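This report concerns only the one structure given below.
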Amino acid sequence: MAQYDTHVTDVLVIGAGLAGERAAIESARSGLNVTLLSLVPPRRSHSAAAQGGMQAALGNTAKGKGDSPDVHFMDTVKGSDWGCEQDVARMFAETAPIVMREMAHWGVPWSRVTTEPRIYEGEEIHEDPEKVGLIAARNFGGTAKWRTCYTSDGTGHTVLYTMDSMVMKYGITVHDRVEALSLIQDGDTCYGAIVRDMRNGELIVYTARSTVIATGGYGRLYGASTNAVINEGSGMFVAQDTGVVPLGNMEAVQFHPTGIVPSWILITEGARGDGGHLLDKNGYRFMPDYEPKKKELASRDVVSRRMMQHIRAGYGVESPYGDHLWLDIRHLGAKHINTNLREIATICREFNGIDPIHELIPVRPTQHYSMGGIRTNKYGQAYGLKNLYALGEAACWDLHGFNRLGGNSLAETVVAGKIIGEKIAEFTQDASLNVSSSLIEEHLHKQQQRIDDLREGKNGKENAVEIRKRMEQVLSEKVHIFRTGEHLEEAVKELKELHERSLHIGLRGSGKGGDPEMASALRLPGMVRLALSIAKGAYARTESRGSHFREDYPKRDDENWLKRTLSYWREGSSEPELHYEPVTITESQPGDRGYGEATAGPKTK
Ligand SMILES: Cc1cc2nc3c(=O)[nH]c(=O)nc-3n(C[C@H](O)[C@H](O)[C@H](O)COP(=O)(O)OP(=O)(O)OC[C@H]3O[C@@H](n4cnc5c(N)ncnc54)[C@H](O)[C@@H]3O)c2cc1C
């Protein structure tokens, strides 16, 4: 075997966002040797972009009085449209307050309850003087109580920086600018990963007693997404490519109501939570007509559909980038905007040249979150392979079902990091690393062969950029907010053709060293496979649930579809194989979400 750089560790964590770092800390705390891998320096992971906050039932604020994990649990289950694992949701809601307080001790500068009264939707809010100084919460995610903890509007940033400081404190080894290409596994057990050094293009072997995937979401499959450019779902297809690990509910894709037009950068839901309104081309606030109870703060799937419905009805504002609507936060005033919504004010000023204190913000629903991912049990163990774990947005734990609540995913990363991290530490103590060099060599050889074939132009002449653009278009046109059987069938057919083409990519450059063209060429077939799992899962699911809305099957169907899609990719296959498993119901039988039902629609023309 040729000489390759090899690392041996107890716990290998692929992905250094909040989920990966939090799980790594838990393992390191128990004395295990932990190695974290990342495409970028950990503090540049996508988690840093989260502005809004994280949910935990602390009940410190006047509007959060009476909150409890029970209420949080119910909000989560309803939000998921009864598609989530209720035992996971229960564990999550109970653990979230503990984790928030723990992070306060680690140094997260949570915004605190103050004495200053606030006007919200015409009502004056006075805080309990005894609660002043405790962790505050904002209105977010359409929850029954205000429970989203935040640090101004840079929550992800401050939490990730704090977490990364803890990673350093525990002496965890971090290797950045590396990309996991495949798992070392024998169809039964996982032994680590084959990784490409993005600086020099060399392959590296990492073997471990436990391997953890925390690589975040796949938003960039859609092109127009609030996700960072590094969010291409590679951890998901690395797992699916084993042939034995399934992805769960890939058709469950969240569209956020307010991506700013045309860069699609997120304007946080905190803007609506703090009292922002959605307006149409006539300056009319239309959401109360569609959703009289929750208005702009119905769940994200519902608000996104209402907005698209309103645009379809002819009330959108025409623009060179397609019709959009307006977000109005002017009435919140300069002081509030410049403190609580400071980052979005900066985004508006720097990317659109507008001042949200005086001007309207152009917005349209945009791909935002991947509810689907590597299917695991409640301890984060991936289905199909021993010693493999997944958590965070890359996983389908499954806390979110068919719609995750605003503020629940950042919270999921750290809550799952704690719960699953503890389990990983416990299981790793008992796991041995007994991997044969021939197995490592087999996996290395396969990846080296892919690289060599691309370098030597053996595969063909297909243009990776063209294939990728077309994949993005197919998803955006046919696997979006409103879905029909006819369009989904076409999408599956076209994505299968694109997948075949992606296996015959020819490079324009030499592919030598750390060539980024090589990195994209290696990644693209896996990305198209993910797109196919989304499209085929959506085509097969003949009901509407949460973010998955079938115009030809507009009702939720609890008789036939109270189940989770499991999508496998068998080696050499041209499309995924779908299986199903029941959803775990423990405390709450499927019922009315309290929002999202068909209503009369807008009152003005
Ligand atoms: C703009 C925006 C704002 C958001 N705001 C909120 C919010 O206010 N509240 C909330 O609850 N949620 C929010 N979310 C969602 C939330 O931020 C994410 O779900 C969460 O941060 C994901 O964390 P993660 O650790 O799973 O992944 P990430 O933070 O995406 O980290 C993934 C890591 O994996 C690494 N990686 C990826 N592939 C590979 C590979 N092949 N090899 C090696 N490393 C790899 C990356 O380098 C990175 O370190 C927001 C999302 C967006 C897009």
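Counting starts at 1 for both ligands and their atoms, in listed order. Treat the numbers as computed from the prediction; the structure is a model and nothing was measured.
- Note that OG of Ser299 and CG of Asp75 are 11.0 Å apart. Values are rounded to the nearest 0.5 Å.
- Using cut-offs of 30° and 60° for the angle between ring planes, the Phe255 and His480 rings count as tilted.
- Under a 4.0 Å heavy-atom criterion, Arg404 is in contact with ligand 1.
- In terms of polar-atom proximity, defined here as any N/O pair under 3.5 Å, Gly406 makes no such contact with ligand 1.
- Using a non-hydrogen distance threshold of 4.0 Å, Pro42 does not register as a contact of ligand 1.
- Sorted by first and then second residue, the pairs that involve residues 202-230 and meet salt bridge (charged side-chain N to carboxylate O under 4.0 Å, His left out), not counting sequence neighbours, are Asp10-Arg209.
- Residue Leu39 places at least one N or O, backbone or side chain, under 3.5 Å from an N or O of ligand 1.
- Contact check on Asp301 versus Arg593 returns a salt bridge, with a Lys/Arg side-chain nitrogen under 4.0 Å from an Asp/Glu carboxylate oxygen.
- Between Tyr120 and Arg272, the closest heavy-atom pair is OH-O, 4.1 Å.
- Applying the salt bridge (charged side-chain N to carboxylate O under 4.0 Å, His left out) test between Glu85 and each of Arg375, Lys378, Arg90 identifies Arg375 as the sole match.
- Each of the atoms 5 (N), 8 (O) of ligand 1 lies under 4.0 Å from some heavy atom of Gln51.
- Within the 4.5 Å cutoff, the side chain of Met54 has no heavy atoms near those of the Val99 side chain.
- Under 3.5 Å, the side chains of Ser38 and Asp176 contain no donor-acceptor pair of N or O atoms.
- For ligand 1, the atoms sitting less than 4.0 Å from at least one non-hydrogen atom of Ser409 are 10 (C), 11 (O), 12 (N), 13 (C), 14 (N), 15 (C), 16 (C), 18 (C), 19 (O), numbered in the order shown with element in parentheses.
- Contact annotation for Leu266 and ligand 1: only side-chain heavy atoms (C-beta onward) come within less than 4.0 Å of the ligand.
- Ligand 1 has no nitrogen or oxygen under 3.5 angstrom from a nitrogen or oxygen of Ile230.
- Between Ala50 and ligand 1, not a single N/O pair is under 3.5 Å apart.
- With values rounded to the nearest 0.5 angstrom, Arg564 atom CZ is found 8.5 Å from Phe402 atom CZ.
- The shortest non-hydrogen separation linking Arg43 to Ser165 is NH2-OG, 3.4 Å.
- Polar contact with ligand 1: absent for Gly20 (N/O pair, distance under 3.5 Å).
- Inclusion of Ser234 in the set of residues having an N or O under 3.5 Å from an N or O of ligand 1 is warranted.
- Of the charged side-chain nitrogens involved, none lies within less than 4.0 Å of a carboxylate oxygen, so that Arg404 and Glu412 do not count as a salt-bridged pair.
- With a 4.0 Å cut-off on non-hydrogen atoms, Ala228 does not touch ligand 1 at all.
- Checking Gln254 against Ser547 by side-chain atom types alone, no donor-acceptor pair falls below 3.5 Å.
- Residue contact check for ligand 1: Thr155 places no non-hydrogen atom closer than 4.0 Å to it.
- In Lys294, the NZ atom is crowded: over 12 heavy atoms of neighbouring residues, nucleotides or ligands sit closer than 6.0 Å.
- Of the heavy atoms in Thr413, only side-chain atoms (C-beta onward) come closer than 4.0 Å to ligand 1.
- Interface atoms of ligand 1 facing Tyr369, defined by a heavy-atom separation under 4.0 Å, are 19 (O).
- Atoms of ligand 1 found under 4.0 Å from any heavy atom of Leu18, numbered from 1 in the order shown, are 25 (O).
- In this structure, Tyr170 places its OH atom where more than 12 heavy-atom neighbours from other residues, nucleotides or ligands lie under 6.0 Å away.
- Looking at Ser38 next to ligand 1, an N or O pair under 3.5 Å apart turns up.
- Residue contacts with ligand 1 do not include Thr268, since none of its heavy atoms lies under 4.0 Å from the ligand.
- Considering backbone and side-chain N/O atoms, Glu393 comes within less than 3.5 Å of an N/O atom of ligand 1.
- Between Trp397 and Gly380, the shortest heavy-atom distance links the atoms NE1-N, 4.4 Å.
- Ligand 1 places these atoms under 4.0 Å from at least one heavy atom of Val40: 47 (O).
- Atoms of ligand 1 found under 4.0 Å from any heavy atom of Gly407, numbered from 1 in the order shown, are 9 (N), 10 (C), 11 (O).
- Applying the 4.0 Å criterion to heavy atoms of Ser45 picks out, from ligand 1, the atoms 29 (O), 31 (O), 48 (C), 49 (O).
- Polar contact with ligand 1: present for Ala180 (N/O pair, distance under 3.5 Å).
- Residue-ligand proximity: Gly156 is placed with every non-hydrogen atom at 4.0 Å or more from ligand 1.
- Remark: ligand 1 and Asn227 share no N or O pair separated by less than 3.5 Å (distance only, no angle test).
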